Amino acid sequence: MSEFLNGFKRTHTCGDLRGTDVGKTVRLVGWVQDYRNLGGFLFIVMRDRYGITQIHVDAGSPLFEQASKIRAEWVIGVEGKVISRGKDANQKLATGEIEVDATELRIFNRAETAPFAIHDRCDADEKIRLKYRYLDLRRPCLNRNIIMRSQITRIIRRVLEDHNFLDLETPVLGKSTPEGARDYLVPSRVQPGKFYALPQSPQLFKQLYMISGFDRYYQIARCFRDEDLRLDRQPEFTQIDMEMSFIEPEDIQNICEEMICTIFHEVLNIDLPRPFKRISWDESMDRFGVDAPDIRFGMELNNVTEIFRNTEFKLFAAALENKQGTIRAISVPASVKLSRKDIEQSLGDVAKTYGAKGLAWTKMTNGALDAGIAKQLSDTEKAALIDMLKPEEGGTLLFVADKLNIARNALGRVRKEIAVRNNWVPKVMTKTEDVGLTWVTDFPMFEWSDEDNRWYAMHHPFTSPRSSDWPAFEAGDLGNVYAQAYDLVLNGIELGGGSIRIHNIDVQKKVFAALGIGDAEARAKFSFLLDALSFGAPPHGGLAFGLDRMVMLLSGADSLRDVIAFPKTNKATDLMTEAPGDVDDKQLDELYIKTVMPEEQ
RNA sequence: GGGGCGGUAGUUGAGUUGGUUACAACAACGGCCUGUCACGCCGUAGGUCACGGGUUCGAGUCCCGUCCGCCUCGCCA
């Protein structure tokens, strides 16, 4: 290769040439983006990831015959003189900005016709894009996301290392733990019948680093969860994982704020005010219906339950018969035109998706509530609604009457849907107002599951309860125990979350017990953690950001797939490598694994 | 596990109530052109309409099943 490339090591990039003087000799390597044989001369548009440059070959040149064979996507090297720059007097150059008159031209590699055009639009069928991912990645629209990703991790490392964080590694082959997501399992050959699990997060290892005395840890860590995929969920993803000792939540939050501000400043040239907003989980659920609120617009939820406590309106009365029954409402401004069809079908479907039976509605017309459910409401109820919700003339009131968690969530999703449809919230952030950042704090420690008839940890079982809730915890009133946990939410999407951890072995045992994890099971699954806690663990806590989501939001990408170089499909396959694939029986034998396909069972 | 949308030339799409030889643009290939820059003009080639059944005189079109991609509910401490 070196001989082949002899004399053609790149000395300039296409982008570099912008300021180059006419007459200067330059040397470039890259791909052919376009070519045009005009008989008497030839244009070749050459491209690398820094820019494009136009190459000129004259008919009289000995290079002409060779150059005329060149086609799109061939890899070439060119040496020549800059003959014109940018928009010079004759206005002949617009795109390439620089034109180079070739004196030497080498073809390093030919290329098949690409299955899709390598231009700055990610427009082909995603199946084909994923199969030829290396070509898709050449396209600037994808290429720049990957570059931004590197830019962001560089900033993160710089900020954290300036604060004396150590980049420390944790094992990838670990132990499967109960709770949480489904693990990716790796069979052990040396220990027949036993399995490693790939980490869902480095959670316990980073806590052990704290106990080991490394009081500031970070890692850009790959994590794995074997659950169904979504637009914003891949089976392997990357966390910015951090942990500190001897801290309060504000300490880690301050460092995160500095990190986020630096990223926004350097990547998007947006300056964010500090400190970030803070809102408790209870308040977020009450005002926005969700635990990751988009705070860039109003139209908040209202609790109108008491107005209808003794209502004659059957729909609402029926919902309130349930102990957890509630009625929540939003007041949609008049600028949003909603037809009956919009409400009952389109937005109603959004509500139904999240478990509600539908949307109740009414409109403010000539100073009174009219249409929809209005004629079934009493005058007192209507007056109370107008007083509380202050509907605009021509505005709409939307209601969900259901169990608390369904009503809040469904109406919260409808709220966001209306904002998206009416372009209240830009996808690409260009100024400070486009950024809705808030901490959500004081999450409930436990979450009751009707289905499993038990409590689950809302964050994870190593999260510390608030000390003020200790009496409630001791009393077994788990629904009223809050955790020292906090999420950072950007534009309605959870960017990251963390907590202060339990550093006391007795507390940890009691939390396990509350989750139905008995002493024996706790010992079997977490003996190393319990042992470690027994040797004097410092108070500690941390946070983890989803790097992929962060890049997705900052780049304005439509999907996590557009910020991961080699992503998986909805069914967790890689269309390029065709992973996962079959393995030889011999490999399975060594692992003592026999596969039984469903039809053979 | 459930729901929705989609699969037609290399690519992106059109294809009406089922009806002759499945259409266009771009790309490719050949020719022409000395200043293009979404270049232009002329021509050529390119199809198992995802796959398998069914209904019908006749299916890209209607029905059933399967596969694949995307969105989504459940799931994701």
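The chains referred to below are lettered A, B, ... by the order of the sequence lines, with proteins before strands, and numbering in each begins at 1. Quick caveat, the model's predicted, so the values are computed rather than measured.
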Any base atoms under 4.0 Å from [X], or only sugar-phosphate, or nothing? Heavy atoms, all strands.
{"X": "A:P115", "value": "sugar-phosphate"}
{"X": "A:S201", "value": "base"}
{"X": "A:D34", "value": "sugar-phosphate"}
{"X": "A:R129", "value": "nothing"}
{"X": "A:I128", "value": "sugar-phosphate"}
{"X": "A:F462", "value": "nothing"}
{"X": "A:D58", "value": "nothing"}

Report the nucleotide, chosen from [options], that has the shortest atom-to-atom distance to any side-chain atom of [X].
{"X": "A:L231", "options": "B:C68, B:G35, B:U72", "result": "B:U72"}
{"X": "A:R36", "options": "B:G35, B:C76, B:C39", "result": "B:C39"}
{"X": "A:R225", "options": "B:C73, B:G35, B:A77", "result": "B:A77"}
{"X": "A:F41", "options": "B:U72, B:C70, B:U34", "result": "B:U34"}

Kindly indicate, with the supporting measurements, whether the criterion side chain to side chain contact (heavy atoms under 4.5 Å, CB included) is fulfilled by A:I493 and A:L490. CA-CA 5 Å; A:I493 293 175; A:L490 172 57; 5.8 Å; no

Between the side chain of [X] and the main-chain N/O of [Y], is any donor-acceptor distance below 3.5 Å?
{"X": "A:D183", "Y": "A:L185", "answer": "no"}
{"X": "A:R233", "Y": "A:D228", "answer": "yes"}
{"X": "A:N409", "Y": "A:N405", "answer": "no"}

Look at [X] and [N] and indicate whether a side-chain polar atom (N or O) is within less than 4.0 Å of OP1 or OP2.
{"X": "A:T569", "N": "B:G69", "answer": "yes"}
{"X": "A:Y35", "N": "B:A28", "answer": "yes"}
{"X": "A:R561", "N": "B:G69", "answer": "no"}
{"X": "A:T573", "N": "B:G69", "answer": "yes"}
{"X": "A:K571", "N": "B:C68", "answer": "yes"}
{"X": "A:N570", "N": "B:C70", "answer": "yes"}
{"X": "A:R121", "N": "B:C26", "answer": "no"}

Have A:Q219 and A:T170 got a donor and an acceptor in their side chains that come within less than 3.5 Å?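 Side-chain D/A pair, A:Q219 to A:T170: present.
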
Between the side chains of A:R222 and A:T238, does any donor sit under 3.5 Å from an acceptor?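 Yes.
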
Complementary nucleotide for [N] - Watson-Crick or wobble, under 3.5 Å:
{"N": "B:C37", "result": "none"}
{"N": "B:G60", "result": "none"}
{"N": "B:C29", "result": "B:G43"}

Grab the [atom1]-[atom2] distance between [X] and [N] for me, whole Å please.
{"X": "A:E417", "N": "B:C71", "atom1": "CD", "atom2": "P", "value": "16 Å"}
{"X": "A:Q33", "N": "B:C39", "atom1": "CD", "atom2": "P", "value": "10 Å"}
{"X": "A:D125", "N": "B:A50", "atom1": "CG", "atom2": "P", "value": "13 Å"}

Roughly how many Å apart are [M] and [N], using the [atom1] atom of each and rounding to a whole number?
{"N": "B:C70", "M": "B:A77", "atom1": "C1'", "result": "28 Å"}
{"N": "B:A14", "M": "B:U8", "atom1": "C1'", "result": "10 Å"}
{"N": "B:G1", "M": "B:G18", "atom1": "P", "result": "35 Å"}
{"N": "B:A25", "M": "B:U44", "atom1": "P", "result": "13 Å"}
{"N": "B:A22", "M": "B:U61", "atom1": "C1'", "result": "12 Å"}

Mapping A:F116 and A:Y456 to their closest nucleotides on RNA chain B, which lands nearer the 5' end?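 Comparing both residues, the 5'-ward one is A:F116.
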
Between A:Q203 and A:R413, just flag the one whose closest nucleotide in RNA chain B comes earlier from the 5' side. A:R413

When only distance counts, do a donor and an acceptor, one from the side chain of [X] and one from the base of [N], lie under 3.5 Å apart?
{"X": "A:E99", "N": "B:G35", "result": "yes"}
{"X": "A:D228", "N": "B:G74", "result": "yes"}
{"X": "A:R233", "N": "B:C75", "result": "yes"}
{"X": "A:R230", "N": "B:G74", "result": "yes"}

Geometric cation-pi criterion A:R454 and A:Y456, 6.0 Å radius, 45° cone: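 Pair A:R454/A:Y456 counts as cation-pi.
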
The test is side chain to side chain contact (heavy atoms under 4.5 Å, CB included); show your working for A:H56 and A:F43 and say whether it passes. CA-CA 5 Å; A:H56 177 128; A:F43 286 127; 4.1 Å; yes

